[in-house]
Amino acid sequence: MVPDAPERPKQDCQPFLRWAGSKRRLLPILQTFWTKKHKRYVEPFAGSACLFFALKPPKAILGDLNPELIATYLEVKHRIGGVLEELKKLPPADREEYGRLRRTDPKSMSTAERAARFIYLNRYCFNGIYRTNLQGQFNVPYSGVRCGGFPGDDVFKRCSRRLQRVRFMRGDFERVLGEAKPGDLVYMDPPFAVKERRVFRQYHPNTFTSEDIERLRRWMEILDGRGINFVVSYAESAEANILKRGYDYKTVSVRRNIAGFATHRTVSNEVVIFNS
Ligand SMILES: C[S@@+](CC[C@H](N)C(=O)[O-])C[C@H]1O[C@@H](n2cnc3c(N)ncnc32)[C@H](O)[C@@H]1O
């Protein structure tokens with residue numbers, strides 16, 4: 001019997017970003033893996049980092065391959081006042097403003113404007129998806145205002161305080177995992193893999209492949225061999241079977257809104273894999 005994940009877990013520190021593939025509904029289960037023996041939290045596929053914000057660990061490393069995401073976290077960590085000022089300068093959400101910001105080259109902006117741009121596009125894009133074209137330009141369509149406005153200033157400020165304990169790393173997950181040591185809890189929530197071979201050995205947040213699943217599997221074994229606790233969450237699939245081989249796991253059924261519409265619901269199974 002597969003237990004149901006509760007519909008909406010209560011959280012006193014919600015993330016300030018929306019994120020496709022975020023595991024908010026698995027939080028009640030994921031939170032149980034953080035115990036007194038853990039000194040530091042490590043998340044190499046951070047996205048909106050919903051488990052980090054729920055756990056409030058004393059120290060953490062958050063990593064991600066998405067450079068705009070990491071730049072935004074750093075700005076929220078170090079200069080939250082400037083980010084909030086820039087967000088307030090932006091007109092209310094509409095298709096034109098969204099298009100204008102989407103077309104603007106983030107490199108032409110100040111660091112605070114760039115973070116505000118990222119937060120704005122994240123809030124009003126379709127389904128919290130981050131996707132770029134081959135030139136690295138964000139190309140997710142406008143979703144309209146039904147996703148609500150920005151979180152309140154209090155949410156941003158609380159997140160900023162929590163981020164003071166975080167070291168950020170931009171890049172591939174292997175770099176972050178190389179930093180892990182006994183006493184850490186490593187949570188890995190990779191993107192769903194696509195069936196294609198990487199032509200160039202260059203990693204990209206848009207494409208996680210079967211080769212990446214194999215790399216991840218090797219790292220699970222390395223972490224286990226070094227006595228480091230890990231938890232991996234993944235949709236039930238052939239790839240999940242590769243990841244769970246030889247490790248403990250729980251299968252949890254999660255209700256999801258198809259394509260972001262609350263009226264279209266489906267139930268999917270997620271596996272939570274862990275060593276002990
Ligand atoms: C499913 S999301 C993680 C969601 C996250 N658990 C949350 O709470 O929102 C996967 C993340 O992995 C990142 N990513 C993709 N490929 C990566 C790689 N090779 N190394 C590190 N991060 C990667 C993506 O940019 C994305 O933010």
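Index from 1, following the sequence. Everything quoted here is computed from the prediction, not taken from an experiment. Atom set for the values below is all heavy atoms of this structure, side chains included, hydrogens, waters and symmetry mates excluded. Indexing begins at 1, ligand by ligand and atom by atom, following the structure's order.
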Does any N or O atom in F173 lie less than 3.5 angstrom from one in ligand 1, N or O only?
yes
Any N/O pair W19/ligand 1 closer than 3.5 Å
yes
Can you tell me which portion of R24 lies within the under-4.0 Å heavy-atom range of ligand 1? Options are side chain, backbone, both, or neither.
neither
May I ask you to identify, for F45, whether its side chain, its backbone, both or neither come under 4.0 Å of ligand 1 on a heavy-atom basis?
both
Give a yes or no on this: more than 12 heavy atoms of other residues, nucleotides or ligands lie within 6.0 Å of atom [atom1] of [X].
X: F168; atom1: CZ; result: yes
X: E214; atom1: CD; result: yes
X: K77; atom1: NZ; result: yes
X: R131; atom1: CZ; result: yes
X: R217; atom1: CZ; result: yes

Counting heavy atoms only, which of [options] comes nearest to [atom]?
atom: atom 7 (C) of ligand 1; options: S48, G171, A54; answer: S48
atom: atom 24 (C) of ligand 1; options: L17, D64, V176, L62; answer: D64
atom: atom 5 (C) of ligand 1; options: C50, A46, G21, S233; answer: A46

Atoms in ligand 1 flagged as close to [X], the criterion being non-hydrogen separation under 4.0 Å:
X: P44; result: 21 (C), 22 (N)
X: F208; result: 16 (N)
X: A49; result: 7 (C), 8 (O), 9 (O)

Can you classify the ring geometry of F156 versus F16 as parallel (below 30°), tilted (30 to 60°) or perpendicular (above 60°)?
tilted
Looking only at side-chain N and O atoms, does T251 offer a donor or acceptor that is under 3.5 Å from a partner on N269?
no
